[in-house]
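Heads up: the structure comes next, in structure tokens.
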Amino acid sequence: MRRARPGAVPRGTGGGAQARRTTGEKRALTSVEAGDAFDDTARTADAAEERRAEERRAEERRAEERQGEAASTTDVSGKGRPVSKLWHITLSVSGREAPLTEVRRGLEQLAHDHPFLLTSRYANDHAEIRYWEEARDLHDAAAVALRLWGEHRSTAKLPPWEIVGLEVIDRETYHLRIAEGYGPPPAAGAGVHPF
């Protein structure tokens, strides 16, 4: 028995160059049954892959435990994923004087673009923005906060000011400060307000 590609002209039939496919002509594709042995092999391979994946997950869990992850940092399903926390952000920016109407309009647009914005206070050369951010840890919350002004500068038409201050505190600390009376100055309600 001779084997040949599908669509190929057998040798010695005199087909020559005329019988060969022309450039761009497509050949027909056919399917071939894999057979019963293939199913057993595939199932065995799938089971082995599942075992390896489970072993990797178990090793990751052991590594997290070795790093001293506290039980409070895992989600309720117990899968070891870090839990997001709420962080209170106070971002202070400052720079050259800008018209108050433009500063206010830019901060209002920022509040529209960033819906978690609590309050903004502004003057013609500085502003303070307060909001809540959900993040895994303080480092992530601070990184997002430090990008906020720059990322929204062009879309909200904010003044080209620099970040001059950043405070990131967790929710418990925020409420403790408020309860003890030395928290951040009370906001004049949600929204954009002059100093």
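A parallel orientation is assigned to the rings of Trp149 and Trp161, their planes being inclined by less than 30° (bins at 30° and 60°). Using the six-membered ring where Trp is involved, Tyr174 and His88 have ring planes that are parallel, under 30° apart on the 30 and 60° scheme.
Ion pairing between a basic and an acidic side chain is recognised when a charged N comes within 4.0 Å of a carboxylate O; Arg104 and Glu102 show no such pairing.
Looking only at distances, no side-chain donor or acceptor of Trp87 sits under 3.5 Å from a matching main-chain atom of Arg171.
Of all the heavy atoms in Ile129 and Ser120, the pair that sits closest is CG1-OG, 4.0 Å. For the pair Val103 and Ala98, the tightest heavy-atom approach, listed with the atom from each and the gap, is CG2-CB, 3.8 Å. In this structure, Thr155 and Gln109 approach most closely via the heavy-atom pair O-CG, 4.1 Å. Scanning both residues, Leu158 and Leu107, for their nearest heavy atoms gives CD2-N, 3.9 Å. Shortest non-hydrogen contact noted between Glu134 and Ser84 is OE2-CB, 3.2 Å. Of all the heavy atoms in Arg177 and Ile169, the pair that sits closest is NH1-CD1, 3.9 Å.
Counting non-hydrogen atoms of other residues, nucleotides and ligands closer than 6.0 Å to CD of Glu172 gives a total above 12.
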Task: side-chain contact (heavy atoms from CB on, under 4.5 Å) between Asp170 and Leu86, worked out - done: CA-CA 6 Å; Asp170 66 358; Leu86 281 178; over 6 Å; no
Open item on the list: With side-chain contact (heavy atoms from CB on, under 4.5 Å) as the criterion, how do Asp125 and Arg96 come out once you've worked through the C-alpha distance, each side chain's angles and the decisive distance to 0.1 Å?
Closed with: CA-CA 6 Å; Asp125 63 347; Arg96 278 189 284 155; over 6 Å; no
- [ ] Any chance you could lay out the side-chain contact (heavy atoms from CB on, under 4.5 Å) test for Ile163 and Leu91, step after step, and finish with the verdict?
- [x] CA-CA 7 Å; Ile163 296 173; Leu91 183 67; 3.6 Å; yes
Open item on the list: Could you go through Thr119 and Tyr131, starting from their C-alpha distance and side-chain angles, then the distance that decides it, and tell me whether this counts as side-chain contact (heavy atoms from CB on, under 4.5 Å)?
Closed with: CA-CA 7 Å; Thr119 185; Tyr131 66 98; over 6 Å; no
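Under the 4.5 Å side-chain criterion, counting only non-hydrogen atoms from C-beta, Ile89 is not in contact with Glu167.
Distance OG/Ser94 to CD/Glu128: 12.0 Å, rounded to 0.5 Å. Note that the CG atom of Leu110 and the CD atom of Glu151 stand 11.0 Å from one another [nearest 0.5 Å].
When the side chains of ILVMFWY residues are joined at heavy-atom separations under 4.5 Å, either directly or via intervening members, Leu146 and Val144 end up in two distinct hydrophobic clusters.
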